[in-house]
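Reading through the structure tokens given below for one structure.
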Amino acid sequence: MPTIEYEIYIEAPIHTCFDLARNVEVHTLTTAKTKERAVDGVTQGLMDEGGTVTWEAVHFGIKQRLTAKIIQMDVPYSFTDVMLSGAFHSFTHVHTFQERGSGTVMKDSFTYKSPFGVIGRFADRLFLERYMKNFISS
């Protein structure tokens, strides 16, 4: 299963970064190129532990839906969301936040399993892992 790691320093307090990372409207703004929008569950405001959201977006020219749930939260240091339904076989996305100087280091760890067995693993190597790295870091 591929794991994508991403880290960024943000010149903002940890609580601000934590809240922005779980804000539905902010997520929608940062994923505008895929026309992502929340269509069910928490569709505005902040996601909390136990909350679900269904995202609709266009990936590879195909409109898709994906439902995720926050299964763990340690305010303001981490939260973890998992896919309940969608195009992947499964995924786990861990978000961590660490104070550093006057700002915050935000780290994402995204582990996923593609559907379709060998064909899915081939797609990972051919294009999907690179696509997901770009999506996570944008």
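Heavy-atom basis, side chains included; hydrogens, waters and symmetry copies ignored.
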Spell out, yes or no, whether F97 and Y6 are grouped together once hydrophobic residues are joined by side-chain heavy atoms under 4.5 Å, including indirect joins.
-> yes
Summary of ring-ring contact (aromatic ring centres under 6.0 Å, His included) pairs that have at least one residue in residues 23-48, sequence neighbours excluded | H27-W55
Residues S109 and E5: side-chain donor-acceptor under 3.5 angstrom = yes
In short, A87 meets Q64 closest at the heavy-atom pair CB-OE1, 3.4 Å
Is it true that R65 and D40 make a salt bridge, defined as a side-chain N closer than 4.0 Å to a carboxylate O?
-> no
Kindly indicate whether the side chain of D124, heavy atoms from C-beta on, has any atom under 4.5 Å from the side chain of M132.
-> no
About how many Å separate NE2 of H15 and CG of L20, when rounded to the nearest 0.5 Å?
-> 13.0 Å
More than 12 heavy atoms of other residues, nucleotides or ligands under 6.0 Å from OH of Y9: is that the case?
-> yes
Flag yes if I14 and V26 sit in one hydrophobic cluster, no otherwise; membership is Ile, Leu, Val, Met, Phe, Trp, Tyr, and two members link when side-chain heavy atoms are under 4.5 Å apart.
-> no
Can you hop from I8 to F135 via hydrophobic side chains spaced under 4.5 Å?
-> yes
Out of K107, Q72, H95, which one pairs with S78 under the side chain to side chain donor-acceptor pair (under 3.5 Å) rule?
-> Q72
Does atom CD1 of I119 have more than 12 heavy-atom neighbours, drawn from other residues, nucleotides or ligands, at distances under 6.0 Å?
-> no
Which heavy atom of E129 sits nearest a heavy atom of I4, and at what distance?
-> O-CD1, 3.9 Å
Could you check L128 against F88 for side chain to side chain contact (heavy atoms under 4.5 Å, CB included), going step by step and ending with a plain yes or no?
-> CA-CA 11 Å; L128 187 57; F88 292 100; 4.2 Å; yes
Polar contact flag, side-chain donor to acceptor under 3.5 angstrom, Q98-T104 = no
When you check the side-chain N and O atoms of Y131 and H59, is any donor under 3.5 Å from an acceptor?
-> yes
Check whether any side-chain N or O of E25 sits under 3.5 Å from a backbone N or O of G45 as a donor-acceptor pair, and report yes or no.
-> yes
Between the NZ atom in K35 and the OG1 atom in T28, the distance rounded to the nearest 0.5 Å is 14.5 Å
Start with the C-alpha gap between T92 and T80, add the side-chain angles, then the distance that decides, and say whether side chain to side chain contact (heavy atoms under 4.5 Å, CB included) holds.
-> CA-CA 7 Å; T92 301; T80 302; 3.7 Å; yes
Criterion side chain to side chain contact (heavy atoms under 4.5 Å, CB included) on D81 and K69, from CA distance to verdict = CA-CA 5 Å; D81 57 282; K69 178 178 184 175; over 6 Å; no
Show the numbers, then the answer: is there a side chain to side chain contact (heavy atoms under 4.5 Å, CB included) between I71 and E49?
-> CA-CA 6 Å; I71 62 165; E49 187 168 0; over 6 Å; no
Do Y112 and S90 come close enough that some side-chain heavy atom pair is under 4.5 Å?
-> no
Flag side-chain contact, heavy atom, 4.5 Å: H93 against I136 | yes
First locate atom CE of M1, then atom NZ of K113, and finally report the distance between them rounded to the nearest 0.5 Å.
-> 7.5 Å
Treat each ILVMFWY residue as a node, draw an edge where side-chain heavy atoms are under 4.5 Å apart, and state whether V42 and F79 are in one component.
-> yes
For atom CD of E11, is the number of surrounding heavy atoms from other residues, nucleotides or ligands below 6.0 Å larger than 12?
-> yes
Is the shortest heavy-atom distance from the side chain of C17 to the side chain of M106 under 4.5 Å?
-> no
From T54 OG1 over to L66 CG, what is the distance, rounded to the nearest 0.5 angstrom?
-> 8.0 Å
Examine F127 together with F60 and report whether their ring centres are nearer than 6.0 Å.
-> yes
Roughly how far apart are N23 CG and T30 OG1, rounded to 0.5 Å?
-> 10.0 Å
For F18 against D74, the heavy-atom pair lying closest together = CE1-O, 4.3 Å
Minimum heavy-atom distance L46-D19, with the two atoms named = CD2-O, 3.3 Å
M83 versus H89, closest heavy-atom pair with distance = CE-O, 3.7 Å
In the single-linkage hydrophobic clustering (I, L, V, M, F, W, Y; side-chain heavy atoms under 4.5 Å), do V94 and V82 co-cluster?
-> no
Minimum heavy-atom separation for A38 to V24, with atom names?
-> CB-CG1, 3.6 Å
